Amino acid sequence: MSRGALRLAVSRLTIKRSLPEKQFGTISRMNPLHVVTALNPAQQKAVTAQPGHVLVVAGAGSGKTRVLVHRIAWLLETQRSAPHNIFAVTFTNKAAAEMRARIEAMLRYSVGNMWVGTFHGLAHRLLRTHWREASLPEGFQIIDSEDQRRLVRRIIRTLGLDEARWPVKQVQSWINAQKEAGMRCTQLHDGGDPWRRQIISLYREYEATCRRSGLVDFAELLLRSHDLLRDHEELAAHYRSRFRHILVDEFQDTNGLQYAWIRLLAGDQGWLFMVGDDDQSIYGWRGARIENIHRFPQDYANVLTIRLEQNYRSTRTILTAANAVIANNQGRLGKNLWTDVGVGDPLHLYRAFNDLDEARFIVGRIHQWLAQGGRADQAAILYRTSAQSRVLEEALAAQGVPYRVYGGQRFYERAEIKDALAYLRLIANRDDDAAFERVVNTPPRAIGARTLEKLRLVAREGGVSLWQAARDLAAGGALAARARTALSGFLALLARLDEDTAAGPLDERVAGVIENSGLLEYYRRDKSNHSGTRVENLEELVSAARQFSYDQPEGESLLGAFLARAALESGDDPSGGGGVHLMTLHSAKGLEFPLVFLCGLEEGLFPHQRSLNDPGKLEEERRLCYVGMTRAMQVLCLTHAEVRRIHNADFYPEPSRFLQEIPMDLVREVRLRGSVSWPRYTPDADQADSFTLGQRVAHPKFGKGVVLNYEGRGAHARVQVNFEHAGTKWLVLAYANLGAV
DNA sequence: TACGGCCAACTTTTT
DNA sequence: GTTGGCCGTA
């Protein structure tokens with residue numbers, strides 16, 4: 001699991017050590033021409049735009065990263081910019097690492113003091129440097145969404161609220177939405193609304209808990225560093241004079257707070273270089289505001305807008321189809337991708353009987369691809385929901401096709417890893433309530449719900465952390481002897497873990513904690529963990545710590561830095577190993593594959609049920625479809641099923657509206673042996689004289705049914721239909737007058 | 001207090 | 001099909 005992450009860390013290390021820093025005053029080692037050759041006119045225009053604000057509308061496969069990298073190289077090589085003048089921000093660690101690596105590969109010197117990172121990573125860097133000004137404790141820790149949810153649940157219960165009326169996730173996302181709107185609980189007013197009054201008090205209580213515990217959630221990283229710049233003019237001035245060039249990747253995915261933060265950082269001195277594609281905005285449900293990219297040219301005077309419309313990835317057919325689909329959206333910035341490569345294959349369309357048939361078909365096509373000399377890792381199967389992967393995986397495995405599934409449980413999010421990290425967090429900061437709650441009784445050490453309840457009460461009344469409350473309770477006489485012993489035991493254990501390992505290297509420290517806390521033994525004996533992966537993962541964490549300490553030899557708090565990385569990096573980078581790529585459409589963004597299967601194209605699945613009644617959400621689904629289609633380089637194969645099994649229940653979905661939005665002449669419907677032709681997307685489907693197995697049909701007398709079987713052809717063709725009410729019947733096609741449903 | 005079994009939920013998830 | 005939470009029992 002974490003091996004990819006480790007490999008990534010190693011390669012970054014190699015780059016750092018083998019490249020010299022840029023020496024000022026030395027002659028550029030690179031001919032500036034190299035920065036702009038091999039760029040098309042639009043790319044060149046973007047890369048060499050004179051100081052000013054720039055919006056690059058970069059279509060799929062139009063060389064977006066290339067432009068960013070070349071722009072930075074151009075600034076460094078021809079504009080007398082130094083690496084420390086540049087601030088480049090992305091959404092993923094992967095994108096940030098790639099950008100840095102490509103710049104260094106191009107320039108052949110290390111740009112270590114250039115700020116390149118994710119929004120959260122760079123905000124974190126600011127807060128670590130200026131924790132005092134940001135009113136944070138020096139050793140503040142980052143909590144992930146799961147930690148946050150547990151804290152919120154705790155608070156809902158503490159306030160004696162009904163979880164059914166105050167769903168944890170809803171409260172959590174409400175709080176995050178407030179933070180993303182820049183709203184602190186003190187700035188919110190209930191306006192006499194009891195619901196608002198209650199949820200604001202939840203927010204207040206949550207903030208108080210975080211403050212007491214020295215915890216910062218993801219949204220807080222951004223809000224805190226935004227407020228830091230807003231409230232400390234001298235600090236802001238310092239950074240504004242430093243970062244003359246601010247480059248933003250995937251601008252369409254920024255939320256309001258991120259945009260505000262960037263604007264604050266730029267002030268009226270920094271030049272903004274925003275790269276994005278409004279047609280690929282697919283994270284609205286997480287707070288991304290597509291409006292940001294739309295209003296940027298209005299927010300600043302004289303924004304130079306450049307469109308990158310030449311696509312270097314897909315065939316003309318694929319692009320035409322994708323353009324046709326996205327054209328159904330309103331209010332786009334507008335662009336039309338084109339390519340000068342060939343027309344290519346038509347899109348393939350397969351109408352499957354059910355999800356098993358769909359999977360079988362896809363595997364069959366992959367076999368064909370392999371037989372024609374293709375590699376498995378050139379193929380990707382994209383789906384709307386993770387749940388769809390299971391059937392596909394089974395079909396691939398049954399046929400011996402290697403594959404790898406992206407997404408899912410990440411290394412640093414695994415329960416056993418988070419347990420181990422919680423011990424480490426408590427070592428770093430005893431007041432970390434989230435960590436305390438997590439491991440106070442993991443592994444079980446007889447500290448039960450009653451004891452914890454008392455602890456929380458004491459902590460709440462005294463306005464102190466759980467740790468401090470535990471110390472008080474263990475010393476006083478308020479607890480039963482048994483509970484007191486158990487609690488003292490935990491306090492002593494932690495002190496021991498801390499002291500025993502304080503001097504040693506990080507990995508020994510981690511190993512000591514895992515061993516002596518009893519976690520290792522606990523998971524070793526865990527019967528539900530048949531394969532022993534949890535134990536392996538714990539061992540892997542020790543290796544990750546060792547690797548990390550090689551990677552970052554200097555630094556005052558290695559443990560703190562390690563914990564921060566664990567929170568900010570998923571630690572999951574499924575790189576090595578070939579095989580067909582299986583992933584959700586969301587995780588496919590930014591990738592490309594010669595052969596792409598887009599499956600489950602059905603109303604209710606894609607577009608998803610929960611988006612059907614909201615035009616805005618529907619447009620986001622369409623953008624998701626656009627993203628999926630534009631991943632394909634050579635062959636794009638679309639599939640849908642007539643019967644879809646979801647949570648053990650059968651559904652009979654209509655084909656996705658997105659299919660209807662693709663011009664028919666770009667599509668070739670694929671039929672397998674054993675099925676008969678059925679011109680599915682002709683307007684007069686009633687005229688059709690043949691059917692596929694599983695096809696839903698309507699009979700004037702028997703009503704609706706499903707085609708089970710057929711025999712013969714032409715005038716003698718007969719079909720067997722299972723009618724919903726009339727039962728199974730054989731009908732002569734020529735007389736049956738069957739229609740489509 | 002611990003554990004096993006049962007039940008409900010379940011879109012997407014860069015940090 | 002899986003997972004996390006809840007509850008009853010030892």
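Residue numbers begin at 1 in each chain, while the letters A, B, ... track the order of the sequences. This one's a predicted model, so the numbers in the text were calculated from it and none came from an experiment. Atoms considered below: every heavy atom in the structure, side chains included; atoms not considered: hydrogens, waters and symmetry mates.
- Two residues, A:E620 and A:S145, neighbour DNA chain B, and the one matched to the more 5' nucleotide by heavy-atom proximity is A:E620.
- Both geometric conditions, a ring-centre gap below 5.5 Å and a plane tilt below 30°, are not fulfilled together for A:F91 over the base of B:dT15.
- Between A:L563 and A:L424 there is a side-chain heavy-atom pair separated by less than 4.5 Å.
- Residue-level contact check: A:D253 touches the bases, meaning some heavy atom is under 4.0 Å from a base atom.
- Under the 4.0 Å criterion applied to side-chain N and carboxylate O atoms, A:E592 and A:R631 are not assigned as salt-bridge partners.
- Between A:W285 and A:Y283, the distance from one ring center to the other falls under 6.0 angstrom.
- Rounding to whole angstrom units, CZ of residue A:R384 and P of B:dT13 are separated by 8 Å.
- A:Q148 and A:D217 share a side-chain donor-acceptor pair at under 3.5 Å.
- A straight line from CG of A:D614 to C1' of B:dT12 spans 15 Å, rounded to a whole angstrom.
- Here A:Y283 lies in heavy-atom contact (under 4.0 Å) with a base.
- By the 5.5 Å and 30° criteria, A:H586 is not stacked with the base of B:dT12.
- Remark: P of B:dT1 and CZ of A:R484 are 15 Å apart, rounded to the nearest angstrom.
- Summarising the geometry, the separation between CG on A:L479 and P on B:dT1 is reported as 10 Å, rounded to the nearest angstrom.
- Checked against the 6.0 Å centroid threshold, A:F119 and A:F218 do not count as a close aromatic pair.
- Among the atoms of the strands shown, only primed sugar atoms or phosphate atoms (P, OP1, OP2) are found under 4.0 Å from some heavy atom of A:R390.
- The side chain of A:S587 contributes an N or O atom lying less than 4.0 Å from OP1 or OP2 of B:dT13.
- Contact annotation for A:R645: no contact, since no heavy-atom pair falls under 4.0 Å across all strands.
- Each of A:K589 and A:T451 lies near DNA chain B, and the nucleotide nearest A:T451 is the one positioned closer to the 5' end.
- Close to B:dT15, at under 4.0 Å from its OP1 or OP2, lies no side-chain N or O of A:N176.
- Remark: A:R157 is in phosphate contact with C:dC6, judged by side-chain N or O atoms under 4.0 Å from OP1 or OP2.
- Between B:dT14 and A:N93, no contact under 4.0 Å exists linking OP1 or OP2 to a side-chain N or O.
- Remark: A:R286 is not in phosphate contact with B:dT13, judged by side-chain N or O atoms under 4.0 Å from OP1 or OP2.
- A:S386 comes within 4.0 angstrom of sugar-phosphate atoms only, judged by non-hydrogen atoms across all strands, and of no base.
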